[in-house]
Chemist: 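Next up is a structure, given as structure tokens.
Just so it is clear: chains get the letters A, B, ... in the order the sequence lines come, proteins before strands, and each one is counted from 1.
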Number of protein chains: 2
Amino acid sequence: MAEKKPAERDALLGIGVKKAQDFVEWYSQVVLKAELADYAPVKGFMVIRPRGYAVWENIQAHFNQCIKALGVQNAYFPLLIPESFFRREAEHAQGFAPELAWIEKKEGEERVAIRPTSETIMYDSYAKWIRSYRDLPLRINQWCNVLRWEVSQTKIFLRTREFLWQEGHCVYESKEDCDREVQLMLEEYRKLCEDVLAIPVLTGYKSKAETFAGALYTTTLEALMPDGKALQLGTSHNLGQGFAKAFGIEFLGRDEEKHVPWQSSWGFSTRLIGALVMVHGDDKGLILPPRIASVKAVVVPIVFDKGREAVLAKARELAQALSKAGIACHLDDRDEYSAGWKFNEWELKGVPLRVEVGPKDVEKKQCVLVRRDTGEKAFVKETDLVQEAGRLLDAVQAGLLARAKKFRDENTVEAKSYADFQKAIEARKLVKAFFCEQEACEKKIKEETTATSRCIPFNQSGAGGKCVKCGSPAKRWAYFAKNY
Amino acid sequence: MAEKKPAERDALLGIGVKKAQDFVEWYSQVVLKAELADYAPVKGFMVIRPRGYAVWENIQAHFNQCIKALGVQNAYFPLLIPESFFRREAEHAQGFAPELAWIEKKEGEERVAIRPTSETIMYDSYAKWIRSYRDLPLRINQWCNVLRWEVSQTKIFLRTREFLWQEGHCVYESKEDCDREVQLMLEEYRKLCEDVLAIPVLTGYKSKAETFAGALYTTTLEALMPDGKALQLGTSHNLGQGFAKAFGIEFLGRDEEKHVPWQSSWGFSTRLIGALVMVHGDDKGLILPPRIASVKAVVVPIVFDKGREAVLAKARELAQALSKAGIACHLDDRDEYSAGWKFNEWELKGVPLRVEVGPKDVEKKQCVLVRRDTGEKAFVKETDLVQEAGRLLDAVQAGLLARAKKFRDENTVEAKSYADFQKAIEARKLVKAFFCEQEACEKKIKEETTATSRCIPFNQSGAGGKCVKCGSPAKRWAYFAKNY
């Protein structure tokens with residue numbers, strides 16, 4: 001190839017390690033080099049760069065549409081929470097105390113901390129706003145930053161002291177209404193993860209030890225990462241009536257009597273971006289599922305001195321055809337980089353589909369489509385471009401989900417004995433096992449294997465069995481794994 | 001009228017004071033009763049309720065579209081800023097020092113404060129990211145919360161310790177590029193304020209005393225509020241090269257030499273919502289300009305026992321017709337409130353257009369349209385509803401802007417002498433006067449009248465004159481007013 005600057009290829013800073021060889025280093029390099037995020041000057045914080053933030057904006061747009069259709073309204077509550085608020089719900093206070101960042105005292109006011117989550121400050125307002133059953137259900141969500149002063153090792157997107165999230169907080173007349181919508185939101189999360197982000201998830205209840213501080217019960221979504229660790233992608237809690245009692249939320253019922261309502265809360269965070277990187281990325285870098293990618297296809301003209309203008313004109317034409325058909329695309333017609341450099345760059349940055357067009361393609365009225373996930377190339381007639389691009393994007397979307405599902409299924413082990421259990425955890429598998437659900441038993445398992453129960457699936461077939469650890473009767477089985 | 005519960009009307013908590021009589025109290029009542037925002041448990045903070053946040057979301061959607069078309073990308077930088085960063089740009093440090101909220105020291109790290117604005121933390125990253133002229137212009141914006149620990153009286157939306165805003169931070173090769181885009185962003189702000197929010201603004205430079213801490217110059221948008229005070233709605237700064245030098249931002253130019261780039265920053269905040277309330281609201285409550293209202297029309301059926309179903313069916317039909325035509329509307333078919341109660345409620349909450357339909361209207365195949373701004377009623381044929389509603393919404397949008405412009409023009413005074421100047425300021429007018437632009441002179445004016453220069457318009461006709469205060473030569477005239 002007599003391209004313009006072939007030597008540049010060598011200079012490209014690609015991913016310097018293999019995903020299979022050094023997963024931790026690979027993850028950091030993909031996040032940094034695909035320009036999703038960067039380290040911040042304060043330890044444990046991150047800068048979300050435009051390419052990472054665009055993913056977050058796309059997640060927000062998708063999810064806002066879902067929740068608004070369900071009657072949820074967005075709002076914004078203060079960043080700072082008074083000390084006394086944390087104390088009102090005892091378990092909640094205990095759960096968050098070690099991670100609070102307090103503000104230096106000012107003007108003799110009560111001590112205040114940066115929100116680690118907003119239950120308390122929101123419910124203080126709810127107590128003022130809710131008067132009667134006519135005000136229920138109240139469904140409010142906020143998109144905001146929260147801060148938890150982690151002391152353990154932090155990792156961009158997965159565990160940082162500050163992160164962005166959404167937290168939904170709803171209030172209902174009855175436990176039944178609350179239960180139903182706890183499940184409804186978990187299902188919205190599942191659809192977001194599987195249908196949009198192409199990340200297969202397990203759903204179920206959390207064990208007592210893993211339940212949110214102050215909740216009656218917690219439901220969760222868990223995904224298996226390529227290193228064999230589970231990652232919690234979102235939770236949806238039934239908070240019971242504890243917070244309502246602590247914050248004095250009451251309503252006049254249909255029976256003209258005062259009642260204490262039921263509450264739910266549910267949240268996911270920018271951690272989802274980390275999950276995307278880990279699950280789909282490969283040795284060339286990031287792979288974005290088409291439904292969450294801002295740029296779904298990149299058009300790269302392959303130019304030589306001869307026929308240069310014709311190729312550039314054709315590339316523009318193809319890019320316009322894609323845009324017009326609603327396939328967001330980017331035309332990379334930069335003069336100072338070679339086509340090879342551009343291929344590497346857009347592979348690194350995860351664009352799901354590449355369209356190449358060179359002088360011969362112009363002649364033959366064709367172009368080349370390259371899938372980011374499999375690297376498969378296909379020659380396509382110009383006139384078929386839009387249809388073929390659409391079909392391939394759907395194939396990439398489905399392919400990524402199928403590949404991740406296959407990985408998870410192949411790395412899931414059913415353990416009948418504790419010896420098998422230990423061996424499987426050691427081999428970094430996701431382990432299914434009967435579990436007595438006792439906190440003491442889970443604590444022992446964690447001490448001995450570092451694994452914890454990730455979720456207790458909703459649909460349990462069969463009559464139960466014996467706890468894999470202690471042998472006592474177990475009604476349900478659970479998934480166990482090491483986790484993030 | 002034999003409506004269901006006519007007595008309810010008396011129970012409606014409308015605005016208890018006249019806008020003209022007690023503006024301060026009127027403002028608070030509108031904000032609280034229209035459910036835009038609420039007081040927070042920590043002094044000086046606010047809760048932005050769903051109705052207020054929806055306005056903010058609509059502003060965001062509109063503005064994101066504008067800036068993305070200009071090549072600006074959104075990102076997110078950390079909440080906490082190290083102490084040393086503030087010190088790098090001396091004027092900037094001095095400007096914000098009194099308002100910083102520091103976090104209690106942790107783990108022996110440097111002291112950190114909650115961001116009052118993000119120049120310093122963003123430019124630390126920019127220094128890492130910018131290498132060559134190919135990386136420029138760099139245009140990044142973030143939507144976030146900021147905190148400035150105000151000691152003066154706070155007021156919801158107008159001056160709170162925490163507020164939401166957008167801050168754009170751009171980097172350019174040359175002063176010319178920077179100057180041009182400083183103006184470009186100010187023009188985007190002007191369009192947002194005038195064309196969307198229906199708030200007429202004055203644009204111009206800030207005097208030295210009012211320039212942003214660390215900037216070369218500041219351009220501003222100022223609006224006159226009904227109480228005769230000016231409100232700054234947004235600013236767009238040319239930061240010069242000071243921050244770039246302080247943070248080590250350099251780029252390799254087209255000439256292969258190292259250069260220091262030029263920077264701009266620009267921002268507006270949730271204060272815009274306060275301006276909307278003040279400028280447009282009336283004794284009945286909030287008035288939202290149609291282009292920023294989530295609900296543009298409310299359909300209220302007027303039901304009696306007889307013909308009830310026919311009226312409800314017709315109301316549904318009209319609401320569907322409006323929605324289908326892209327006019328977002330709400331059908332208020334609640335059973336437990338009377339039509340009169342509903343009229344008051346939606347007037348209080350600022351919905352720009354009301355559609356009434358009763359039994360006689362059903363018979364006559366008509367409905368009644370009521371403009372929120374003027375209260376004008378019009379009988380409209382069913383078949384003309386969509387067209388008429390669209391026309392009236394345009395009329396409300398234009399009418400609000402015209403009314404605010406008229407108020408401003410009628411309350412602007414040109415002062416030839418300092419005596420006239422003092423009298424006009426005392427009478428709460430916006431005052432045009434020649435001004436020497438000396439800091440000492442502005443300080444005296446402020447001490448004697450509490451007014452400050454609000455802006456020095458870009459287009460100055462004429463040959464200048466003498467400073468209204470000190471009599472020394474003045475090249476330009478400025479607007480002065482008391483301000484928020």
Chemist: Side chain, backbone, both or neither: which part of A:M122 has an atom under 4.5 Å from a heavy atom of chain B?
Modeler: neither
Chemist: Give a yes or no on whether B:R334 atom CZ has more than 12 heavy-atom contacts from other residues, nucleotides or ligands under 6.0 Å away.
Modeler: yes
Chemist: Between atom CZ of A:F77 and atom CZ of B:R49, what is the distance when rounded to the nearest 0.5 Å?
Modeler: 8.0 Å
Chemist: Can you name the nearest heavy-atom pair linking A:W129 to B:V47, along with the distance?
Modeler: CH2-CG1, 3.8 Å
Chemist: Taking all non-hydrogen atoms of both residues, which atom of B:Y39 and which atom of A:K128 are closest, and how far apart?
Modeler: O-NZ, 3.6 Å
Chemist: Using 0.5 Å steps for rounding, measure from the CD atom of A:E104 to the CH2 atom of B:W149.
Modeler: 11.0 Å
Chemist: Would you mind checking which part of A:D124 comes under 4.5 Å of any heavy atom in chain B, side chain (CB onward), backbone (N, CA, C, O), both or neither?
Modeler: side chain
Chemist: Rounded to the nearest 0.5 Å, what's the gap from CD on B:E162 to OH on A:Y76? Could you check?
Modeler: 3.5 Å
Chemist: Counting only heavy atoms closer than 4.5 Å, note whether A:Q142 contacts chain B via side chain, backbone, both or neither.
Modeler: neither
Chemist: What residue, out of A:S125, A:P82, A:A75, A:A37, has the most heavy-atom pairs lying under 4.5 Å from chain B?
Modeler: A:A75
Chemist: With rounding to the nearest 0.5 Å, note down the distance linking CG in B:N74 to CD1 in A:I48.
Modeler: 11.5 Å
Chemist: Just verifying a value: how many Å separate B:R51 CZ and A:Q73 CD, rounded to the nearest 0.5 Å?
Modeler: 7.0 Å
Chemist: Would you mind checking which part of B:I140 comes under 4.5 Å of any heavy atom in chain A, side chain (CB onward), backbone (N, CA, C, O), both or neither?
Modeler: side chain
Chemist: Supply the atom-to-atom distance A:N64 CG to B:E57 CD, rounded to the nearest 0.5 angstrom.
Modeler: 6.0 Å
Chemist: Just one of B:I114, B:L147, B:V42 clears the side chain to side chain contact (heavy atoms under 4.5 Å, CB included) bar with A:I103, so which one?
Modeler: B:I114
Chemist: So which residue, B:L164, B:N141, B:T270, ends up with the most heavy-atom pairs under 4.5 Å with chain A?
Modeler: B:L164
